[in-house]
Structure formats: C-alpha cells, structure tokens
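The next block holds one structure in the form of structure tokens; read it before the comments.
In what follows, chains carry the letters A, B, and so on, assigned in the order in which the sequence lines appear, proteins first and then strands, with residues in each chain numbered from 1. Reckoned from all heavy atoms, side chains included, excluding hydrogens, waters and symmetry mates.
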Amino acid sequence: MPGKHKKDAPPLEPTDPHLAILRAVARVPAGCVASYQAVAEAAGLPGRARLVGSVLGRCPLSDDVPWHRIIGADGRIRDRRGGGATEQRRRLGLEGVEVDERGRIDLSVHAWRLRGR
DNA sequence: ATAATGACTTTCA
DNA sequence: TTGAAAGCCATTA
C-alpha cells in the first residue's frame, strides 16, 4: 500500500496527452483531412496544435496512424525538415484526396468534421 | 530554472 | 495571394 508521503508519479496515465492525440488522429476517416488544431481539439486539448505536430514528428512514419491526413489549418500540407511531404501527398492521392501542385487541399470537400451532433 | 526548438495559427502589411 | 512577426505550448537541452 502506498503510504508514501512524497508524491509518486506514474509514467503513463489514461489521460496522457500523447495518447489522446494519437487516438484522435486514428479516428480521422480515409479520404478526409484534419488540421493540427482540429486534432488537438478532438483530443480534448484545445490550443495544443503544436503539440500534435511534435508527437507526429517523433513517431515513425508508420501505417499505424494516418499521419498523412493531418495538414495545416489553411488546408495545405505543412513543410517540415527531411521531407515526407511528398510521401504524404502520394498517400492522400491514393485515398482519393485531390492535392494541388502547391499542396493545397479543398477543405470544403475533404475537411473532417467532428462527429457529435 | 531558463533558453531554444518545433509536422502550428493568426494577424498585419 | 504571399510573406513576415507575434502568439502559443509542451518538449528538450
């Protein structure tokens, strides 16, 4: 039994922000895109758009999570170091999302909306 | 504890 | 529309 007077900090919690973000990204359906901000809100972390990017950047570009469906709030693919934007564009194309030459995506068509009515 | 960094957003020119 | 500057926030050094 924990009779410690000093506080103990578990390594992971059910409300772990990282986990919540990954979960939110995972529920974005194919053929749709969501902004970092939208994902943050969906994860219950309003205003942490930057954190979403950090988490996705730290994770490997695996198929475990549809990272390619996350784009900037302006509906364009965000550029980042190392590249990967090309891969993202390719994947989106395979899913039926039309991406402009400049990386622009029609949000009025593919924007993912939070379900919950 | 302070400073720098990053797959962000918004505002202004 | 494009680009620069500031705002914002957790992680990392």
Side-chain angles (χ1 to χ4, degrees):
Chain A
M1 62 222 284
K4 319 172 176 167
H5 291 189
K6 318 211 163 182
K7 56 189 183 158
D8 49 317
L12 257 58
E13 285 186 25
T15 57
D16 185 36
H18 295 99
L19 198 56
I21 289 173
L22 293 175
R23 217 173 74 217
V25 172
R27 66 194 235 215
V28 177
C32 291
V33 294
S35 67
Y36 297 87
Q37 202 177 23
V39 170
E41 271 201 46
L45 303 166
R48 278 75 173 173
R50 234 167 168 166
L51 185 53
V52 174
S54 296
V55 171
L56 291 180
R58 224 168 174 305
C59 283
L61 275 50
S62 62
D63 303 332
D64 201 27
V65 58
W67 55 268
H68 55 276
R69 297 182 192 142
I70 310 307
I71 62 176
D74 56 355
R76 308 191 57 177
I77 294 178
R78 276 288 175 199
D79 231 342
R80 63 265 199 191
R81 328 175 28 215
T86 306
E87 177 66 15
Q88 181 170 14
R89 214 158 89 180
R90 190 180 68 75
R91 290 197 180 205
L92 286 174
L94 291 176
E95 289 191 358
V97 177
E98 310 206 3
V99 184
D100 195 313
E101 273 306 309
R102 280 189 7 240
R104 191 159 78 203
I105 297 168
D106 192 341
L107 289 180
S108 63
V109 175
H110 298 290
W112 175 61
R113 327 188 87 203
L114 239 48
R115 13 217 194 140
R117 31 206 103 189

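- With A/R48 contributing its side chain and A/P46 its backbone, the two residues share a donor-acceptor pair below 3.5 Å.
- Here chain A contacts DNA chain C (any atom closer than 4.0 Å to a heavy atom, that is under 4.0 Å), and the contacts span C/dT1 to C/dT12 from 5' to 3'.
- The backbone N or O of A/D100 lies less than 3.5 Å from no partner atom in the side chain of A/R76, so there is not a single donor-acceptor pair.
- Nearest heavy-atom pair across A/V28 and A/P66 is O-CG, 4.4 Å.
- Boundaries of the chain A contact region on DNA chain B are B/dG6 to B/dT10, first to last in 5' to 3' order (nucleotide atom under 4.0 Å from a heavy atom).
- The hydrophobic clustering, which links ILVMFWY residues whose side-chain heavy atoms are closer than 4.5 Å, places A/L22 and A/V39 together.
- Within a 6.0 Å radius of CG in A/D106, more than 12 heavy atoms belonging to other residues, nucleotides or ligands are found.
- Hydrophobic clustering keeps A/I71 apart from A/W112 (ILVMFWY residues linked when any side-chain heavy atoms are closer than 4.5 Å, directly or through intermediates).
- Among the atoms of the strands shown, none is found under 4.0 Å from any heavy atom of A/G84.
- Open room surrounds CZ on A/R104; 12 or fewer heavy atoms of other groups in view lie less than 6.0 Å from it.
- Distance alone, capped at 3.5 Å, places no donor-acceptor pair between the A/E87 side chain and the A/H68 backbone.
- With hydrophobic clusters built from ILVMFWY side chains whose heavy atoms lie under 4.5 angstrom apart, A/I70 shares a cluster with A/L45.
- A/Y36 and A/I77 fall into different hydrophobic clusters, where Ile, Leu, Val, Met, Phe, Trp and Tyr are joined by side-chain heavy atoms under 4.5 Å apart, directly or via other members.
- Less than 4.0 Å separates DNA chain C from at least one heavy atom of each of the following residues of residues 39-56 of chain A: A/G47, A/R48, A/R50, A/L51.
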